Protein chains: 2
Amino acid sequence: MARANGEERSDAGPVVPLAHRVPDLGALELLLAVARLGSLGRAARERGISQPAASSRIRSMEQQLGVALVERSPRGSRLTDAGALVTDWARRVVEAAEAFDAGAQALRGRRDSRLRVAASMTIAEYLLPGWLIALRAQRPDTAVSLLAGNSAAVAERLLAGEADLGFVEGLDVPAGLDGAVIGHDRLVVVAAPAHPWARRRTELTVAELAATPLILREHGSGTRQVLDAALAGHGGLAAPLLELASTTAVKAAAVSGAGPSVLSELAVGEELAARRLVEVPVLGTRFGRDLRAVWPSGQRPAGPARHLLGLTRALP
Amino acid sequence: MARANGEERSDAGPVVPLAHRVPDLGALELLLAVARLGSLGRAARERGISQPAASSRIRSMEQQLGVALVERSPRGSRLTDAGALVTDWARRVVEAAEAFDAGAQALRGRRDSRLRVAASMTIAEYLLPGWLIALRAQRPDTAVSLLAGNSAAVAERLLAGEADLGFVEGLDVPAGLDGAVIGHDRLVVVAAPAHPWARRRTELTVAELAATPLILREHGSGTRQVLDAALAGHGGLAAPLLELASTTAVKAAAVSGAGPSVLSELAVGEELAARRLVEVPVLGTRFGRDLRAVWPSGQRPAGPARHLLGLTRALP
DNA sequence: TGAGGGCATAAGCTGGGGTTATGGCCAGAG
DNA sequence: CTCTGGCCATAACCCCAGCTTATGCCCTCA
């Protein structure tokens, strides 16, 4: 009974968990179906539930949000203006859920999958789900299995014949592999908007960066290696302010203002867009690194691997 | 009992709804808390549930995904490698849900809110939720109400004193209002990857575009007005292939290959990134348009409105 | 050698979401 | 002008996912 808690307070406050204020995925999917099909009943049929179930689901969603979403008529249902807006927001949630699903499905994929992919953490986190969705759209019967690890682990899997295609970020191609650049990434220095670095007028110098304790991932992460290498000439990296186990944790700490950090552009894209973090320009250094697809030397990817490779080429 | 259905089939297939394959928001939030706090019990406490509830929730999520997510020990719980990956995917779902919540909350906002915003559909759909999240992070007690409509409606609200700040996309500032450019948008010609236009070697000419029936929104949308104006010198727009009520519907039709369309870059960003749609370059024309914040002439925004305005300035 | 933090198991309750059955409403056909 | 069919709402009932409280085991650390 966590209901009669802070209810009389103002409407703000994540005291009430997000899950209680946002309709669940089933409801959002249903709403999308209603928008597309123009009728509660048809949407219900498509989703495989009964018409009254759909009706009540939509109704309770409207109650929860406090807004009328669909205009019912004896000839069907149309979205209201608010409904159209809500539907588009819902669409983004559903798309994120689809990416989650595509990734999770690959993660549990059996070893006998038709396409076995090994990828670095960063690529697996931020790019692969999108590729997998595109792949599924074009070749729905391709079962994909995913194994995530660092560059060395990816190379090992490929050479052992336990993976068909690999993806790594880094400065060079691991020995024994051929590769193709499929994109570019760079490390960015970030800080919370309230951090002094976010208000600097002048660019940061590399020496300053090297001298400042940062929030970093533990040793062994590709990000950290690149950083180590780049700062080697400037006295090396200062002792970290915090050493955390996951990129997520690092971002959370940086967002909460614990200190500055250095992270992949891919990892902080969302945070920068939402201004939870601010990029701190660094003088003269780019911290760039290529994203590569890799495979055992001489064995050009064929079949599903070749197809997935094709999907990745056109992306940023 | 929709369980014993297509279970023996391959793992592909959205026969089973997404909602049954993706943990619900509560579970994802819980997982994020576990990742951040390093213990099931602490996460449970933060989320306001009992420790056994958290334990069972995480366990059933692991079962559902078929992957171990956390490594339990008597000293706490750490994410596994797969868990870290899943957590980051989960984070994106939760962030989309937060945007949904921020938007929905504003949509139902009472008229007595401290900040009343009127915005064009495109801006309300794609940019406002992010701003609202940022605003809430910095000024948690600002209650925002949102009203979405076309440029004329936004102007009307502002002039009637029923809104404090407006956002419009278009070529000029409505009469009676002052404004500031806060970003830029452009219309892009898009087609499904399988569409002939997606494989063209040569750029499309404006005349070709004008002569081709397109999938468009109904009359009255800002997008369509810009397009009408731009093609007026080339024989005007051909009769539409399809006229649909919402941007969502237009995109869905284009993705499914019904034909080419012209949409705001903001609206198709996701689809382009996921290669569900492909941009078709057009020779010599940019179809650009400014995004503007607007307010009644002479009444510079102050208070919360000024603050929100500040948040928008740094974004793309 | 307690004491305490952390996780798991067990037993029982609750409510949201599902189902079937039915009724009202409106449009267009006969 | 009535009939028929598509669409939505209401009612009554059912079930299971997820919550709670009450324990117990395990490990670490003072």
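Just so it is clear, the structure is predicted and the values come from calculations on it, not from any experiment. So that the names make sense, note that chain A is the first sequence line, chain B the second, and so on, each numbered from 1.
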Nearest to the side chain of A:Pro52 - D:dA9, D:dC19, C:dG17?
D:dA9

Rounded to whole angstrom units, what separation is found between the CG atom of B:Leu28 and the P atom of D:dG18?
12 Å

Provide, to the nearest angstrom, the distance between the CD1 atom belonging to A:Ile49 and the P atom belonging to C:dT20.
12 Å

Please identify each residue that fulfils side chain to side chain donor-acceptor pair (under 3.5 Å) with B:Gln51, with sequence neighbours left out.
none

Once side chain to side chain donor-acceptor pair (under 3.5 Å) is applied, do any residues pair with B:Glu62, and if so which ones, sequence neighbours excluded?
B:Arg72

Rounded interatomic separation in angstrom, taking CZ from A:Arg47 and C1' from C:dT19:
17 Å

Could you check which residues of residues 32-42 of chain A get a heavy atom under 4.0 Å from DNA chain C? Sort them by number, please.
none

What pairs with B:Asp81 under side chain to side chain donor-acceptor pair (under 3.5 Å), at least two apart in sequence or on another chain?
none

Check this for me, if you would: do A:Glu271 and B:Arg91 make a salt bridge, where the nitrogen-to-carboxylate-oxygen distance has to be below 4.0 angstrom?
yes

Side chain to side chain donor-acceptor pair (under 3.5 Å) involving B:Arg78 - partner list, sequence neighbours excluded
none

With rounding to the nearest 0.5 angstrom, report the CG to CZ distance, A:Leu25 to B:Arg21.
11.0 Å

Output the distance between atom CD1 (A:Ile123) and atom CH2 (A:Trp131), rounded to the nearest 0.5 Å.
5.5 Å

Nearest-Å distance, CD (A:Gln51) to C1' (C:dG18)?
13 Å

So do A:Leu214 and A:Leu237 actually touch side chain to side chain, heavy atoms under 4.5 Å?
yes

Atom CZ of A:Arg45 and atom P of D:dG5: how far apart are they, to the nearest Å?
15 Å

Quick one, which residues of residues 54-79 of chain A touch DNA chain C with a heavy atom under 4.0 Å?
A:Arg57, A:Pro74, A:Arg75

Specify the separation, in whole Å, of atom NE2 of B:His20 and atom C1' of C:dG18.
10 Å

